[in-house]
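One-based numbering, in listed order, for ligands and for the atoms of each.
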Amino acid sequence: MNAKLSFDPVAQLETECLAVAVVDEGTAKEPRPALLTDDAAIRSAAADLLSSREVTGKIFETVMVHRPAGLKARRLLLVGGGRAKNFSAYELRKVAGTAVRFLKPKSIKALAFLAPANWGGSADQAAHSTLVAERRGPAEAVKAIVEGAFVADFDPDFYRSDRKDQRMGEITVVAAASSDRKSLERALEEGRIVGESQNFTRELVNEPGNRMTPTILARRATEMVKEVSARANGAKLTAEVLGGDKIRELKMGAFWSVAQGSDEPPALIVIRYEPAGAPASPTIGLVGKGITFDTGGISIKPSDGMEKMKYDMAGGAAMLGAMRAIAQLGIKVRVIAMVCATENMPSGKAQKPGDVQIAMSGKSIEIINTDAEGRLVLADGLHYARQLGATHLIDAATLTGACVVALGGVNAGVFANNEEMFQRFAGALKVSGEKMWRLPLDEEYFEQIRSGIADIKNTGGRGAGAVTAAMFLKEFAEQTPWIHLDIAGTAWMDDNKAWIAAGPSGVAVRTLVEFVRSFENAAN
Ligand code: BES
Ligand code: MN
Ligand code: ZN
């Protein structure tokens, strides 16, 4: 999809479809729809619709008319944005996405989306979130619209022979003639980079296990690195792929214990981003779980729903998408990403419950359940990232079914061993609009993973499964400020939404980018 800006008067715009957001300024009883524009031509073209009660401004409501009077656009699409006082970049992203997904099946290939004028900024909003209110300028609007449009343009049905190419050809964001054009051009470019990078992650996650082995994932990562580095303005990425021999040589006994059961060779994918002018510290370490298929190993999973375990590499794929965006944006912060990629298979070579493994850090681990494999590969990934100089760590993993039970598909779980790190991350969440909820890491939980014969065991019994998994990882982050994201419930969406297709969500990419960017903005 091509994205561009227009500063022409909207009435003169020749487009297949002009989309405008409508919010509700009324009460629950009496909706009062209001267009998010001051443009007289649009106001007059939509006047009858707004007074008809067919349009309420309800979130994701879509009403389209043909040949709107007084406009050169062939169609006018009104998209509901919900309550006026709650309308923020979070809603705008989805409203733009809703417009794209509404038009796609109608084979409409071009869309002009009107950037809202005078949006938000009410006293209410400023009170509930200073960060969101601050960033509610025209550039934020353009970025949100473009991000939302790219994310909406993705459909996961790659392997259907009747797949129609319904991709949107072009989105034009219409902004006021008086805008600071340079800053809007930059915002458009940022929105495109971030949206495309999130889709890059979704593409990887969507692939089935036979088409996304550790070797293939490593190849896709190196191809991405080459592509990004070849672009004139993008700062360089470098990739290195360590195979099974190297993993053993580094004494990554926890990672190898999972890989040993599979005929597919594992891959430790390491990507470095060291932009000129960035200080040596901080170096952000991004560590992703890259289980390309999780059968459970000898503690094998029930067959019902096992096919979904192809998405057990979503944490790793999120790190790759984030690196793609960070480099293309030219953010001046050092980052090192690591994807611990392997299958988890049962076989004659597979590890068994009761086995004891020695992690790279020297800690001994009693394996209680071979299906708790994510924490094993991440243990060595986190340790190695620290060894390579990471001063701050974030891992992302489809780690536990318990996190799905606790938070469902709405919020990802966040864990942190450091308050400052968490606050910074919470700031990034506000900007990205992704939903995550903090869960605790009290020392008391450690008792559940204390082992009788080794330093630690890899499962903690029935209670607080998401927490005990995080407690396990915490042992390997040691004193380094660290965030753990459990995306088991949010990396794959079972249902279509108005603004996004069912399937891989690309969760965490946008927040990781904003988190890394915060080090640039704040100079620590
Ligand atoms: N990959 C799974 C977690 C998962 C479950 C992801 C559902 C997505 C959806 C992970 O490797 C796993 O099997 N975890 C076990 C841990 C248990 C054995 C302690 C689980 O959650 O059941
Ligand atoms: Mn598992
Ligand atoms: Zn797993």
- Task: Take atom NZ of Lys497 as the centre, draw a 6.0 Å sphere, and report whether it contains more than 12 heavy atoms from other residues, nucleotides or ligands.
- Result: yes

- For atom 7 (C) of ligand 1, the protein heavy atom that lies nearest, with its residue and separation: Met309 CE, 3.8 Å

- Message: When you measure from the centre of the six-membered ring of Phe60, is the NZ or CZ of Arg101 closer than 6.0 Å and no more than 45° off the axis?
- Response: no

- Query: Does a sphere of radius 6.0 Å around CG in Asp162 hold more than 12 heavy atoms from other residues, nucleotides or ligands, not counting ones at 6.0 Å or beyond?
  - Reply: yes

- Task: Looking only at distances, please establish whether an N/O atom of ligand 1 is found under 3.5 Å from an N/O atom of Arg375.
- Result: no

- Query: Under 4.0 Å from any heavy atom of Glu373, which atoms of ligand 1 are there?
  - Reply: 11 (O)

- What protein heavy atom sits nearest atom 15 (C) of ligand 1, and how far away is it? Asp371 O, 4.1 Å

- Message: With a 3.5 Å distance limit and no angle check, can you tell me whether Ser299 reaches the backbone of Gly296 through a side-chain donor-acceptor pair?
- Response: no

- Message: Go through it in stages, so that I can follow the logic: the residues are Val335 and Met323, the test is side chain to side chain contact (heavy atoms under 4.5 Å, CB included), and I'd like the CA-CA distance, side-chain angles, deciding distance and then a yes or no.
- Response: CA-CA 8 Å; Val335 190; Met323 287 306 264; 3.5 Å; yes

- Can a cation-pi geometry be assigned to Arg438 and Phe422, taking NZ or CZ under 6.0 Å from the six-membered ring centre and within 45° of the ring axis? yes

- Restricting to N, O or S atoms of Asp294, which is nearest to the Mn ion (ligand 2)? OD2

- Where is the nearest protein heavy atom to atom 1 (N) of ligand 1: which residue, which atom, and how far? Asp312 OD1, 2.8 Å

- How far is atom 14 (N) of ligand 1 from its nearest protein heavy atom, and which residue and atom is that? Leu399 O, 3.4 Å

- Message: Less than 4.0 angstrom from a charged side-chain N to a carboxylate O is my criterion; do Glu373 and Lys289 meet it?
- Response: yes

- Can a salt bridge be assigned to the pair Lys226 and Glu223 using a cut-off of 4.0 Å between side-chain N and carboxylate O? no

- Residue Ile291, metal the Zn ion (ligand 3), N/O/S under 2.8 Å: no

- Note the single closest protein heavy atom to atom 2 (C) of ligand 1, along with its residue, its atom name and the distance in Å. Asp294 OD2, 3.6 Å

- Message: Under 4.0 Å, counting heavy atoms only: does Lys308 come that close to any atom of ligand 1?
- Response: no

- Task: Look at atom 18 (C) of ligand 1 and find which of Leu376, Asn344, Ile291, Asn369 reaches it with the closest heavy atom.
- Result: Asn369

- Side chains of Phe154 and Ile500 in contact at under 4.5 Å (non-hydrogen atoms): no

- Note on the structure: Here the atoms of ligand 1 under 4.0 Å from any heavy atom belonging to Thr459 are 19 (C)

- Task: Examine all N, O or S atoms of Asp371, backbone included, and report whether one is under 2.8 Å from the Mn ion (ligand 2).
- Result: yes

- Message: Are any of the N/O atoms on Tyr311, whether in the backbone or the side chain, positioned under 3.5 angstrom from an N/O atom of ligand 1?
- Response: no

- Message: I'd like to check whether Lys289 has a polar contact with ligand 1, where a contact means an N/O of the residue lying under 3.5 Å from an N/O of the ligand.
- Response: yes

- Message: Run Trp482 and Asp395 through side-chain hydrogen bond (donor to acceptor under 3.5 Å, both in side chains) and show every step you take.
- Response: CA-CA 8 Å; Trp482 156 79; Asp395 76 74; 2.9 Å; yes

- Item | Presence of N, O or S from Asp312 under 2.8 Å of the Zn ion (ligand 3) | yes

- Note on the structure: For Glu373, the N, O or S atom at the shortest distance from the Zn ion (ligand 3) is OE2

- Task: Before signing off on this row, confirm whether Lys301 and ligand 1 have an N or O atom pair separated by under 3.5 Å.
- Result: yes

- Task: Please work out which of Gly461, Gly305, Gly401 has its closest non-hydrogen atom nearest to atom 22 (O) of ligand 1.
- Result: Gly401

- Using 4.0 Å as the upper bound for N to carboxylate O, is an ion pair formed by Lys143 and Glu147? yes

- Query: Backbone or side chain, does any N or O of Gly374 fall under 3.5 Å from an N or O of ligand 1?
  - Reply: no

- Task: Establish, for the pair Lys474 and Phe476, whether the NZ or CZ atom is under 6.0 angstrom from the six-membered ring centre and no further than 45 degrees off its axis.
- Result: no

- Query: Are Glu203 and Arg220 within salt-bridge range, i.e. N to O under 4.0 Å?
  - Reply: yes

- When you draw lines from the Zn ion (ligand 3) to OD2 of Asp294 and to NZ of Lys289, what angle lies between them, to the nearest 10°? 170°

- Message: Among the N, O or S atoms of Glu373, which one sits nearest to the Mn ion (ligand 2)?
- Response: OE1

- Task: Below 4.0 angstrom from a heavy atom of Ala488, which ligand 1 atoms are there? Numbered from 1 as shown, please.
- Result: 6 (C), 8 (C)

- Query: Would you say the ring centroid of Phe515 lies under 6.0 angstrom from that of His392?
  - Reply: no

